[in-house]
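What follows is a set of notes on a single structure, which appears directly below.
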Amino acid sequence: MARAELLTGMRSTGLDVREVDKPADFASGFTVQVYPHVRILPSHSLRIVFAPGDPAVPRVHARGPDCPAHRNPDGSLCLWYPKDAPSRRWSPGDGGRLLVAIIVRHLRWESAYRATSIWPGFEAPHGHGSPGLDEQDQIIG
């Protein structure tokens with residue numbers, strides 16, 4: 001997928017999406033800043049980093065209320081488990097609109113978790129040797 005298509009999809013959500021840098025192509029990596037929106041993303045801004053050499057695994061950092069659950073050691077959102085089946089993970093071919101939907105859903109789940117201490121969505125098994133979710137598992141939420 002071309003960088004421009006990905007950005008168009010992200011912008012189609014109605015969010016203010018701006019490139020922080022403009023590389024020659026998607027594989028070179030790039031960074032996007034997403035600004036808060038009253039209805040869609042009321043209390044967070046996002047920084048999405050598509051790293052050079054591995055742009056299909058974006059790192060998403062959210063500025064706003066923090067959550068002790070479902071964050072990676074670097075503070076980025078834990079949006080999916082690397083061992084999940086491909087259907088459980090985002091890939092560039094899925095487009096920017098779906099990536100934004102996954103991020104917004106995650107932030108809504110974080111908000112619910114802060115209020116109740118219960119994660120309202122699905123959770124992949126974690127830990128050494130964990131198989132992750134496969135095609136047979138149900139996604140809740």
Side-chain angles (χ1 to χ4, degrees), residues 1-7 9-141:
M1 165 168 282
R3 183 181 86 251
E5 289 177 67
L6 184 67
L7 291 167
M10 294 173 83
R11 290 177 177 133
S12 74
T13 64
L15 293 172
D16 182 5
V17 177
R18 301 180 196 172
E19 286 182 88
V20 174
D21 54 25
K22 295 183 181 183
D25 58 27
F26 184 77
S28 298
F30 63 103
T31 301
V32 173
Q33 186 74 34
V34 182
Y35 295 91
H37 184 279
V38 175
R39 287 186 311 105
I40 302 166
L41 202 64
S43 56
H44 289 84
S45 65
L46 306 172
R47 187 172 191 86
I48 306 170
V49 178
F50 299 87
D54 198 14
V57 183
R59 303 299 278 183
V60 180
H61 291 269
R63 284 197 189 129
D66 199 11
C67 185
H70 298 276
R71 296 281 177 122
N72 293 311
D74 68 356
S76 63
L77 304 182
C78 181
L79 299 170
W80 52 81
Y81 188 54
K83 293 182 181 179
D84 283 350
S87 65
R88 300 281 187 231
R89 293 177 277 143
W90 178 85
S91 70
D94 296 330
R97 189 173 183 83
L98 181 60
L99 178 59
V100 169
I102 290 168
I103 294 166
V104 169
R105 177 186 65 188
H106 183 93
L107 293 172
R108 287 181 177 148
W109 286 349
E110 281 192 356
S111 178
Y113 181 85
R114 283 191 302 277
T116 66
S117 296
I118 298 169
W119 189 256
F122 59 91
E123 294 182 284
H126 287 67
H128 186 69
S130 170
L133 296 173
D134 63 27
E135 305 293 339
Q136 307 306 311
D137 293 311
Q138 297 293 317
I139 292 181
I140 302 167

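Residue numbers count from 1 along this sequence. Just so we're clear, the structure is a prediction, and the values are computed from it rather than from any experiment.
- A 4.5 Å side-chain heavy-atom check between V34 and L41 finds at least one atom pair inside the cut-off.
- The minimum heavy-atom distance linking C67 with R114 is given by the pair CB-NH1, 4.0 Å.
- Side-chain atoms of W90 do not come within 3.5 Å of backbone N or O of G96 as any donor-acceptor pair.
- With sequence neighbours excluded, no residue satisfies salt bridge (Lys or Arg N to Asp or Glu O under 4.0 Å) with R89.
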Which donor-acceptor pairs under 3.5 Å do the side chains of residues 11-18 make with protein atoms, sequence neighbours left out?
from	atom 1	to	atom 2	distance (Å)
R11	NE	V17	O	2.9
R11	NH2	V17	O	3.1
S12	OG	G9	O	2.6
S12	OG	R97	NH1	2.9
T13	OG1	M10	O	2.6
T13	OG1	L15	N	3.3
D16	OD1	R18	NE	3.1
D16	OD2	R18	NE	3.3
D16	OD2	R18	NH2	2.7

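- Here I102 contributes atom CD1 and L107 contributes atom CG; the two are 12.0 Å apart, rounded to the nearest 0.5 Å.
- For the pair H70/W109, no side-chain contact is recorded, criterion being any heavy-atom separation below 4.5 Å from C-beta on.
- Taking H106 as the reference, W119 meet the ring pair (Phe, Tyr, Trp, His ring centres under 6.0 Å) condition, with sequence neighbours excluded.
- For residues 39-49, no pair satisfies salt bridge (Lys or Arg N to Asp or Glu O under 4.0 Å), with sequence neighbours left out.
- For the residue pair P58 and F50, the shortest heavy atom distance occurs at CB-CE2, 3.7 Å.
- With sequence neighbours excluded, the residues satisfying side chain to side chain contact (heavy atoms under 4.5 Å, CB included) with R63 are Q33, S45.
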Can you give the donor-acceptor pairs under 3.5 Å from side chains of residues 71-79 to other protein atoms, not counting sequence neighbours?
from	atom 1	to	atom 2	distance (Å)
R71	NE	E110	OE2	2.7
R71	NH1	G75	O	3.4
R71	NH2	E110	OE1	2.8
R71	NH2	E110	OE2	3.4
N72	ND2	S76	OG	2.9
N72	ND2	L77	O	3.2
D74	OD1	R59	NH2	3.2
D74	OD1	S76	N	2.9
D74	OD1	S76	OG	2.6
D74	OD2	R59	NE	3.4
D74	OD2	R59	NH2	2.9
S76	OG	R59	NH2	3.2

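- Listed by chain and number, the residues in a side chain to side chain contact (heavy atoms under 4.5 Å, CB included) with A112 are P120 (sequence neighbours excluded).
- Between A62 and L46 the shortest heavy-atom distance is CB-CD2, 3.8 Å.
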